[in-house]
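Reviewing the structure listed below.
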Amino acid sequence: MNLNQLADALIPDENVKPLQYYEEKYPLRPLEKGAQVTRLAPSPTGFMHLGNLYVALANERLAHQSGGVLYLRIEDTDQKRKVEGAVKVIQSSLKYFGIDFDEGAEICGEYGPYYQQQRAEVYHAYAKELIRQGLAYPCFCTEEEMGKTREYQSENKLLPGYYGEFAKCRSLSEEQIYENLKAGKPYVIRLKSQGDVNVKHTFHDEIKGDITVTENNQDVVILKSDGIPTYHFAHAIDDHFVRTTMVIRGEEWLASLPIHIELFKVLGFRLPKYGHNCSIQKIDEEDGARRKLSKRKDPEASLVFYREQGYHPLAVKTYLMTLLNSNFEEWKLKFPDKPIDEFKYSISKMGKSGALFDLSKLNDVSKDVLGTLTAEEMFDFMQEWAKTYGTDAQRAYFTDREYLLKILTLCMGIGSKKRRKDFITAKQAVEMLHYFFETPTSRVYRQDGDTVKAILEGFAATYSAADDNSVWFNKVKAVAEGLNFAVDMKAYKANPENYRGNVSDVAEVIRIAVTGLANTPDLCTIMQILGEQSAKERLLSTVQSL
RNA sequence: GGCCCCUUGGUCAAGCGGUUAAGACACCACCCUUUCACGGUGGUAUCAUGGGUUCGAGUCCCGUAGGGGUCACCA
């Protein structure tokens with residue numbers, strides 16, 4: 001059989017150049033020893049998963065802390081799944097969370113193009129080479145035929161797939177091939193696998209450690225009938241020519257690792273290092289089972305969720321780091337002021353089992369992160385959120401900058417010995433501050449109506465915005481004492497039955513009347529910010545409705 | 001079903017043959033506090049299971065169970 005001729009007949013691509021050309025066009029990178037070239041290779045489906053960010057973070061750290069390169073490749077070999085504008089979504093969401101690429105799609109770089117769709121020529125060159133070497137062949141099998149052999153295989157409990165005796169097109173004669181071509185039958189190019197499923201090797205995975213892999217024996221498709229490569233083939237070619245040194249990807253790829261190992265071998269490429277990381281999971285609310293965060297069922301699986309909710313990008317990044325390397329938290333505790341990137345990230349410390357997504361942990365991390373911002377930074381962060389996700393009323397909060405800054409200074413505890421941690425997200429913060437802009441509409445008291453009335457009327461009668469903190473509190477105490485609420489906490493604790501409650505209960509009533517909330521920062525200052533008239537109005541507006 | 005991976009508290013998890021089995025989140029209690037917080041101290045709670053190996057096992061070996069992944073002209 002004339003394989004050269006066959007290769008040309010099967011893959012008529014005029015752009016294809018001799019293989020040496022590609023090796024020269026994409027030379028080895030002049031990097032320091034130990035520097036890693038990593039990549040992110042999403043397909044443009046328009047959906048960015050939390051898992052994408054998780055893997056992105058690992059790849060980013062590995063590249064940048066070793067003095068290497070992180071690049072972005074778009075795996076757009078499946079036209080059916082391609083979504084318009086998806087690349088923009090990928091880039092903007094990764095950028096939002098602080099993932100910076102050194103090269104890649106829409107960026108720049110010497111190893112492009114970074115869209116697989118645009119690299120047809122290289123794939124074709126190597127597919128032809130494999131055909132010439134007798135390591136690949138055309139397959140004309142139809143879906144029906146494939147279905148039949150699959151049925152037969154499952155009935156007889158045989159390994160499913162296209163291999164060995166089931167690989168009918170392996171043994172097609174030259175005449176049969178050309179006949180089929182002449183008849184215009186569609187065909188794919190398959191790898192003629194040299195592997196044996198009974199042979200196992202141990203393979204070192206950077207994350208999982210030593211694992212056993214079975215040799216591949218599947219004649220996998222490398223070029224689809226439209227001439228576009230499958231993931232496996234494109235992966236081998238691209239990661240070789242972009243000179244990737246380490247591939248960190250989701251563990252769903254572990255099962256196809258044997259295919260990739262064979263492909264690299266057959267192509268004569270050096271295998272990169274691999275690390276397969278586990279996916280983030282959650283407990284299903286319906287059946288209580290543990291499962292992967294689902295794009296369809298779980299809103300928190302999507303990266304846009306964190307933007308809508310107003311999570312600070314640094315908070316999400318920090319939380320993800322705690323999952324990525326469990327010693328990160330202790331480091332952070334030790335060096336709270338150091339930037340994350342100074343942490344020495346270690347791939348070998350990654351967990352081997354899938355972690356459960358923990359929203360309350362994220363919230364806790366978020367409080368700490370927001371607790372490091374200045375009032376101005378918080379202002380900008382909240383405003384940015386409100387621009388796209390807030391209501392008109394909320395956007396109006398930002399018109400009087402001085403007023404809001406004063407509020408934020410109070411609510412964040414800036415200037416006091418200890419910062420407060422009231423804020424979790426931009427959204428929650430904006431919502432929490434509504435009482436500075438509107439009179440609360442619903443108020444729920446724990447005391448009975450008469451008591452509430454007595455407290456509020458009594459306090460309103462003496463309140464003045466000119467009061468400093470101690471004068472203010474003395475007035476609260478006076479009201480409390482008059483109504484038989486304990487003023488001295490020790491006395492109260494000794495004999496609680498002697499009192500109707502304590503100052504804290506009285507203050508709570510006033511607080512709810514003014515803000516609608518049981519938890520707020522220093523009430524005295526809040527009332528000062530609101531102004532005497534507004535504060536008094538709020539005290540008395542409740543009284544009338546009781 | 002075949003193959004592969006995983007299994008320490010409610011959650012994230014340290015541990016790599018001898019520890020009172022770290023730490024963080026959550027929860028509870030107390031302390032600090034003139035209100036709300038912040039903060040501090042303490043507490044509840046974990047080695048899936050059955051066999052080995054060993055003077056000694058969370059740690060090594062085998063089995064079992066449970067969970068996850070994967071078996072496409074999708075990535």
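Chain identifiers are assigned alphabetically (A, B, ...) following the order of the sequence lines, protein sequences preceding nucleic acid strands; residue numbering begins at 1 within each chain. This structure is a prediction, so every number in the text was calculated from the model and none was measured.
- Taking the side chain as every heavy atom from C-beta outward, A:Arg419 and A:Thr372 never approach each other to under 4.5 Å.
- Nearest-nucleotide mapping onto RNA chain B: of A:Ser353 and A:Lys490, the residue sitting toward the 5' end is A:Ser353.
- For RNA chain B, if you chain together Watson-Crick or G-U pairs that step i with j, i+1 with j-1 and so on, the runs of at least three with distances under 3.5 Å are B:1-7 with B:65-71, B:10-12 with B:23-25, B:27-31 with B:39-43, B:48-52 with B:60-64.
- Backbone-only engagement by A:Thr212 is indicated by non-hydrogen atom pairs under 4.0 Å involving sugar-phosphate atoms exclusively.
- A donor-acceptor contact closer than 3.5 angstrom links the side chains of A:Tyr71 and A:Arg73.
- Separation of the P atoms belonging to B:rU54 and B:rU46 is 31 Å when rounded to the nearest angstrom.
- A:Leu356 comes within contact range of the sugar-phosphate backbone alone, with a heavy-atom separation under 4.0 Å but no base atom that close.
- A:Glu262 and A:Asn216 share a side-chain donor-acceptor pair at under 3.5 Å.
- Listed nucleotides: B:rU35, B:rU33, B:rA75. Nearest to the side chain of A:Lys493: B:rU33.
- Residue A:Thr214 is in sugar-phosphate contact alone, with no base atom involved, counting any heavy-atom pair closer than 4.0 Å across all strands shown.
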Check: protein-nucleotides 39-42 of chain B nitrogen or oxygen pairs below 3.5 Å:
from	atom 1	to	atom 2	distance (Å)
B:rG39	OP1	A:Lys421	NZ	2.9

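- When side chains are defined from C-beta on, A:Ser256 counts as touching A:His232, because their heavy atoms get closer than 4.5 Å.
- Scored by the side chain to side chain contact (heavy atoms under 4.5 Å, CB included) test, A:Ala480 finds A:Phe485, A:Val487, A:Val503, A:Val506 as partners (sequence neighbours excluded).
- In this structure, A:Arg511 reaches the bases: a heavy-atom distance under 4.0 Å links it to at least one base atom across the strands shown.
- For A:Glu330, there are no salt bridge (charged side-chain N to carboxylate O under 4.0 Å, His left out) partners two or more places apart in sequence or in a different chain.
- For the pair A:Leu254 and A:Tyr274, the minimum side-chain heavy-atom distance is 4.5 Å or more.
- Near-neighbour residues of RNA chain B inside residues 183-193 of chain A, defined by a heavy atom below 4.0 Å, number-ordered: A:Val188, A:Arg190.
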Could you write nucleotides 21-29 of chain B as a row of B, S and -, 5' to 3', where a protein heavy atom under 4.0 Å of any base atom gives B, of only sugar-phosphate atoms gives S, and otherwise -? -BBBSS---
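- Not counting sequence neighbours, the partners of A:Arg119 by the salt bridge (charged side-chain N to carboxylate O under 4.0 Å, His left out) test are A:Asp238.
- A:Asp522 comes within 4.0 angstrom of a base, heavy atoms only.
- Between A:Thr77 and B:rA75, a side-chain N or O to OP1/OP2 separation shorter than 4.0 Å is present.
- Checked against salt bridge (charged side-chain N to carboxylate O under 4.0 Å, His left out), A:Asp505 has the following partners two or more places apart in sequence or in another chain: A:Arg446.
- Residues A:Asp358 and A:Tyr319 have side chains that never bring a donor and an acceptor to within less than 3.5 angstrom of each other.
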Before you tell me yes or no, could you show the steps for A:Phe343 and A:Arg61 under side chain to side chain contact (heavy atoms under 4.5 Å, CB included), namely the whole-Å CA-CA distance, both residues' side-chain angles and the distance that decides it to 0.1 Å? CA-CA 9 Å; A:Phe343 170 72; A:Arg61 285 291 75 221; over 6 Å; no
Using residues 41-57 of chain A as the side-chain source, report each donor-acceptor pair under 3.5 Å to any protein atom, sequence neighbours left out, with the distance given to one decimal.
from	atom 1	to	atom 2	distance (Å)
A:Ser43	OG	A:Arg81	NH2	3.3
A:Thr45	OG1	A:Phe47	N	3.4
A:Asn52	OD1	A:His49	N	2.8

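- Contact of A:Ser225 with B:rC73 (side chain to base): a donor-acceptor pair of N or O atoms is detected under 3.5 Å.
- Nucleotides B:rA45 and B:rU53 place their P atoms 33 Å apart, quoted to the nearest Å.
- When the side chain to side chain contact (heavy atoms under 4.5 Å, CB included) test is applied to A:Lys475, the partners found at least two apart in sequence or on another chain are A:Phe459, A:Thr462, A:Ser464, A:Asp467, A:Val471.
- There is no side-chain donor-acceptor pair under 3.5 Å between A:Thr525 and A:Gln528.
- If you check every strand for non-hydrogen atoms under 4.0 Å, A:Lys349 touches nothing.
- Using a cut-off of 4.0 Å between Lys/Arg side-chain N and Asp/Glu carboxylate O, A:Lys477 and A:Glu481 are scored as not salt-bridged.
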Scan nucleotides 61-71 of chain B against the protein and return all N/O pairs shorter than 3.5 Å with their distances rounded to 0.1 Å.
from	atom 1	to	atom 2	distance (Å)
B:rG68	OP1	A:Arg290	O	3.1

Let me have the donor-acceptor pairs involving side chains of residues 207-214 of chain A, under 3.5 Å, with sequence neighbours excluded, atom names and distances please.
from	atom 1	to	atom 2	distance (Å)
A:Lys208	NZ	A:Glu251	OE1	2.7
A:Asp210	OD1	A:His204	ND1	2.9

